[in-house]
Every structure is written in C-alpha cells, then in structure tokens.
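Taking it in order: structure first as structure tokens, then the write-up.
Computed from a predicted model, the values in this text were never measured in an experiment. Values reported hereafter were calculated over all heavy atoms of this structure, with side chains retained and with hydrogens, waters and symmetry mates removed. Below, read A as the first sequence line, B as the second, and so on, with proteins coming before strands; counting in each chain starts at 1.
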Number of protein chains: 2
Amino acid sequence: MATLSEENYLKAIFHLSRHDKTVVSTNAIAQKMETKASSATDMIKKLFEKGLIDYEKYKGVKLTENGRLAAVSVIRKHRLWELFLVDKLRFSWDEVHEVAEQLEHIKSKKLTRELDAFLEFPTEDPHGDPIPDANGNMPSSQKLLLAKVKQLQRCICVGVKDSTPKFLQYLDKHKIALGTEITVLSRESYDESMALKINNIQRTISKEVAHNLFVKIS
Amino acid sequence: MATLSEENYLKAIFHLSRHDKTVVSTNAIAQKMETKASSATDMIKKLFEKGLIDYEKYKGVKLTENGRLAAVSVIRKHRLWELFLVDKLRFSWDEVHEVAEQLEHIKSKKLTRELDAFLEFPTEDPHGDPIPDANGNMPSSQKLLLAKVKQLQRCICVGVKDSTPKFLQYLDKHKIALGTEITVLSRESYDESMALKINNIQRTISKEVAHNLFVKIS
DNA sequence: TTTAATATTTAGATAAGACTAAAAATTTAT
DNA sequence: ATAAATTTTTAGTCTTATCTAAATATTAAA
C-alpha cells in the first residue's frame, strides 16, 4: 500500500507525463509538489524500490503499470468525491478541490465502489474531467478550450485554465459560471476575439478569455 | 490544528474518561492506542504543550475544554460518516468502523455541516450512539444493555458489546441482527436468563448474551 | 514501614519525509 | 570542444511518532 505522500507523487507524475506518455524530470516533480529537488529524488528512489516507476539516475521517471494504476485509482477517487460534493452536498465547483485532496486518500475498495454506484456511475467530474473506471481506464476528455469551438456550436462552461481571482472576477462580472450555456456566433481572425451568445445576450470576448475557459460540447 | 495521531489520542482519552468525567492513566491510554506507555507519555507532553489536556507527572490526564471540543468534533464526524455509509452507501453496521476511522480526520467545516444536513440532522449513529452537535454538545445515549430492559418492554437491537466472531455468529444463527425488534417477556432471577419474543418467535437467552447486546427502547 | 511490584518517565534509537549545502552529471553556450 | 550554467544526486540534519531499555515514582504487601 502506498503512503499518502507516495500517492501524491504518483498523481503528480501521472499529470506531468500527460497520462503517462512522456518521461518526467526530477525538477518538474519537485515544482509540482512544491518541494525541493532533493526531496523529489528521495521519493523517486522509494517509488522505484516499490516498482511503481521506472528510473535511471539523471534520466527521469516514468510510471510502471502498477504505478499508473495506483495514480489513476487516486484520481478516480478525487473526481468521484468532487462530484459527490457538488451534486449532493451543495459545494460549488471552486470549493471542492481542497476537500477532495483529502478524501482521495481514503482506502476502502467498497467505499469507492458504492460511492460510484450512489452517483450512478458518472463519467465526468464537475470540471468536465473524465472519471477513470474501476479497472483504471480513463475515458477520453470531452472538455476543450472555448477558443477551439467551431462556429455556431453550442457548449457548456465546465472549468477554467487560469484560476486567478482576477479571471474569476471577470467571469463573475460577465455572468459566466460553471454550467453556463454558450453559443459561438463568430470569430474575428484579426485578433482571435469571439462573438458569443450567453444567456441569450450577445457578447464579445478576447483571445485571452477564450484560451482560459474550458467548455464541453452540448 | 491537531495531527491525525493527536486526534486519535484525544478520542481515546475522551472515551476512557467516560465523557471527560474521570482522570485517565498513561497505561490506559497506551493500551487503548495499542502502543507503549513511553509513546503515550511522549504524546501526553505534546497535548499538554498545546493546551489540550491537563497533566501532572505521574498523576494522569484530563481533557481541557479545548481538548474536549477537539475530541468531540472527531467523534461527531466519525458517527456522521458511519450513518452515511449505512444509510446511503449500503454498508452494513459491522463494516463501517474501519472506514469511518479514516473519514473522521477529514478537515473541512463545510463538509461536516453539509453532511449533517444531507443526513437530515441525525442524533444517533447506526450503533445507537449519540451524534454530538456542531457546538460539541453530546445528546445522552439512548442505548442500554438488553440485560437492563424491563419486562414487557419493546426494544430494537442497535449494537454489541462483545464483537468477537463467536458472538456475532451466535447472533446470526439466532436471527438477531441490527434493527431486530425484541420484546422482553420475562427474566429468570436464578440464572439471569431472559425470555424474549424475536420476530414473533419466543426464545430464551442466557445472562452472557443479555449483557453483550445493546438495544434502544422503541 | 520497609520491601516488592507496578506504573510512569527519561534517554537514546529508528523510519518517513522534508530540508540545506555541496558534489557530480548533464546540457547549453561560446 | 571546452567552459559555464543547470539539473540531479548525495550527505548530513530536523521533526514526528514510534520503539527498547533503564531509571524513577507510586502503590501494594508483608
């Protein structure tokens, strides 16, 4: 069984390797974990000893199949709990992360299985991210940047890339929230701005905004 | 904020002092925590430094008001989660303890508050133990040993004192489970055995059984 | 009330996970 | 291709929570 700290490192490596496709550096891990490179090296050795990562000195790190399964299991729990908090306990999308960071480490196969059933076997969390199944299979994400949405397509806001207060306040002011329905009317090739219909009101947004808002096609 | 280990010690002290009425010895704490007396002493010093217990060398330990609040808060969460697991996630009463031991340490005021609301502000957990309120007030327990129940009184099985497999198997064989309704027909003063009506069938149980089964008057 | 038994504390060690500072390897730039 | 910059690793320290063994205090017994 992996410790809490080991699970957090595995999760970090999984995300950094973009679902286990690339090799990850010690520094990148340290940065993501908000710790020092020497601490990362220590943990890398430990995960290697446990057969959870492939590792050669100075050459970076890659999850083994066991490591990937452990990471995905934590991510599965994280996303199930986020959905539980939003759907059942009246949390809003921006309040769930911190609590889910704790809940994701609870060890009980039955709990995860029953929570999944209670939520009626969901495939996406409140941010539009896919929820891996019990076998560790990750459905491909249905979320994309608003900037990529085609003309006349309808979509639903599911998250932000930039989560700074400034951007969140901008969204608030312009009545864009999680779940808001957006229709792309047109795009301006000169400055990459976009004309949208939001709540039946027409509005123009800049390239910056379009590149920091995640949506799901509806 | 108390660490996980500190919370477990506070909980142990609370239970050992029978809701904070008596002084607790180092050895008793060590035994409850399944650790050595020297480890208990170490933790006692730490809790004392943090103002969570009163302590004089060789004289035993007592929770301060802050310590009591911290302990009760953990117990509140434990019991809310146990109820959640049984009522919402199809756990049975004997499966919940281990998971609740983990969930009780999740730190989020909002989570506890919303869980309480989701469960419609319950006052008892699945074992018939009272759930403290958000201010740390503990409703008095409504559960008692079957041996104490008066003649012709109806009650409901809410837990066991002896949780060894042997006893649980005995209960199973005689169709006594959590929630089973029991009516006390009579008691034999000679051997303290009791005549009961269980599921409309008359049955006699020994003193040993009567002293290991918790019920709630209904 | 002095001794024996028990309970408690102290001292020193260990493992996990973090840190700093310094050494070694790798990569980049001249 | 060598020097400089960067990255990674090593060595040694710290804290938390545990342990064993030894010392000290308290309680019980003769």
Side-chain angles (χ1 to χ4, degrees), chain A residues 1-17 22-63 66-67 70-71 74 101-102 104-107, chain B residues 1-17 22-63 66-67 70-71 74 101-102 104-107:
Chain A
M1 266 291 123
T3 66
L4 188 143
S5 191
E6 287 167 5
E7 287 189 345
N8 284 331
Y9 272 93
L10 290 171
K11 205 172 37 136
I13 295 168
F14 182 84
H15 286 312
L16 287 167
S17 64
T22 64
V23 165
V24 179
S25 75
T26 301
N27 254 4
I29 295 169
Q31 203 172 353
K32 185 122 207 175
M33 293 298 297
E34 295 180 331
T35 184
K36 296 300 161 77
S38 54
S39 307
T41 301
D42 288 345
M43 183 55 84
I44 286 167
K45 284 178 181 167
K46 209 173 144 201
L47 296 174
F48 176 68
E49 291 302 322
K50 289 198 171 191
L52 296 168
I53 56 176
D54 289 328
Y55 169 57
E56 254 188 287
K57 271 192 195 179
Y58 299 101
K59 297 283 169 63
V61 142
K62 205 174 183 308
L63 292 175
N66 276 346
V74 175
E101 286 286 300
Q102 299 180 59
E104 71 188 4
H105 300 291
I106 303 290
K107 282 166 184 63
Chain B
M1 266 289 123
T3 67
L4 188 142
S5 192
E6 286 166 4
E7 288 189 342
N8 284 331
Y9 273 93
L10 290 171
K11 203 172 41 137
I13 295 167
F14 183 82
H15 283 131
L16 287 167
S17 65
T22 64
V23 165
V24 180
S25 75
T26 302
N27 254 4
I29 295 168
Q31 203 172 353
K32 184 124 205 172
M33 293 299 296
E34 295 180 331
T35 184
K36 295 300 161 75
S38 56
S39 307
T41 301
D42 287 345
M43 184 54 84
I44 285 168
K45 285 177 179 166
K46 208 172 144 203
L47 295 174
F48 176 69
E49 290 304 320
K50 290 197 170 190
L52 296 168
I53 56 175
D54 290 328
Y55 169 56
E56 254 188 285
K57 268 194 197 176
Y58 298 102
K59 295 283 170 62
V61 143
K62 205 173 183 310
L63 292 174
N66 276 346
V74 175
E101 286 288 299
Q102 299 178 60
E104 71 187 6
H105 300 291
I106 303 290
K107 282 166 183 60

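Expressed to the nearest 0.5 Å, how far OG1 of A/Thr22 lies from CD1 of A/Ile13 amounts to 11.0 Å. Atoms CE and CG, from B/Met43 and B/Asn8 in turn, are 9.0 Å apart once rounded to the nearest 0.5 Å. Atom CG of B/Leu52 is separated from atom CG of B/Leu10 by 5.5 Å, given to the nearest 0.5 angstrom.
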Strictly under 3.5 Å: I want the nitrogen or oxygen pairs between protein and nucleotides 11-13 of chain D, one per line.
none

Which pairs, protein N/O on one side and nucleotides 22-27 of chain C N/O on the other, fall under 3.5 Å?
| unit_1 | atom_1 | unit_2 | atom_2 | d |
| --- | --- | --- | --- | --- |
| C/dA25 | O4' | A/Tyr58 | OH | 3.3 |

Pairs: protein N or O with nucleotides 3-5 of chain D N or O, under 3.5 Å:
none

Name every donor-acceptor pair, under 3.5 Å, that has one atom in a side chain of residues 23-37 of chain A and the other anywhere in the protein, sequence neighbours excluded.
| unit_1 | atom_1 | unit_2 | atom_2 | d |
| --- | --- | --- | --- | --- |
| A/Ser25 | OG | A/Ala28 | N | 3.1 |
| A/Thr35 | OG1 | A/Ser39 | OG | 3.4 |

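Contacts of A/Tyr58 classified as side chain to side chain contact (heavy atoms under 4.5 Å, CB included), with partners at least two apart in sequence or in another chain: none. Scanning for side chain to side chain donor-acceptor pair (under 3.5 Å) contacts around A/Lys59 gives an empty result, with sequence neighbours left out. For B/Glu104, the side chain to side chain donor-acceptor pair (under 3.5 Å) test picks out B/Lys11, B/His78, with sequence neighbours left out. B/Lys107 pairs by the salt bridge (charged side-chain N to carboxylate O under 4.0 Å, His left out) definition with B/Glu7, not counting sequence neighbours. Shown here are the side chain to side chain donor-acceptor pair (under 3.5 Å) partners of B/Gln102, two or more places apart in sequence or in another chain: there are none. Partners of A/Phe14 by ring-ring contact (aromatic ring centres under 6.0 Å, His included), not counting sequence neighbours, listed by chain and number: A/His19. Scanning for side chain to side chain donor-acceptor pair (under 3.5 Å) contacts around B/Lys50 gives B/Glu6, with sequence neighbours left out.
In this model, the phosphate group of C/dA18 is approached by a side-chain N or O of A/Ser5 to a distance below 4.0 Å at OP1 or OP2. Contact annotation: A/Tyr9 reaches the phosphate of C/dA18 (side-chain N/O to OP1 or OP2, under 4.0 Å). Residue A/Thr35 places at least one side-chain N or O closer than 4.0 Å to OP1 or OP2 of C/dC19.
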- Would you check, one step at a time, whether the test side-chain contact (heavy atoms from CB on, under 4.5 Å) holds for A/Val61 with A/Leu47? CA-CA 10 Å; A/Val61 142; A/Leu47 296 174; over 6 Å; no

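Closest of all the heavy-atom pairs between A/His105 and A/Leu4 is CE1-O, 3.8 Å. Taking each heavy atom of A/Thr41 and A/Tyr55 in turn, the nearest pair found is CG2-OH, 4.4 Å.
The distance from atom CD1 of B/Ile53 to atom C1' of C/dT8 is 14 Å, rounded to the nearest whole Å. In this structure, A/Leu4 atom CG and C/dA18 atom P are separated by 10 Å, rounded to whole Å. When the P atom of D/dT10 is taken as reference, atom CD1 of A/Ile44 falls 11 Å away, rounded to whole Å. The CG atom of A/Asn8 sits 14 Å away from the C1' atom of C/dA18 (whole-angstrom rounding). In this structure, the CD atom of B/Glu56 is 14 Å from the C1' atom of D/dA25, given to the nearest Å. The CZ atom of A/Phe48 sits 12 Å away from the P atom of D/dT9 (whole-angstrom rounding). Atom pair B/Glu34:CD and D/dT18:C1' shows a separation of 14 Å (rounding to whole Å applied).
DNA chain C lies under 4.0 Å from no heavy atom of any residue of residues 24-32 of chain A.
Here B/Ser39 lies in heavy-atom contact (under 4.0 Å) with a base. Among the protein residues, B/Thr41 comes within range of the nucleic acid bases, having at least one heavy atom under 4.0 Å from a base atom.
Residues A/Lys36 and B/Tyr55 both approach DNA chain C. Their nearest nucleotides, taken by heavy-atom distance, put B/Tyr55 toward the 5′ side.
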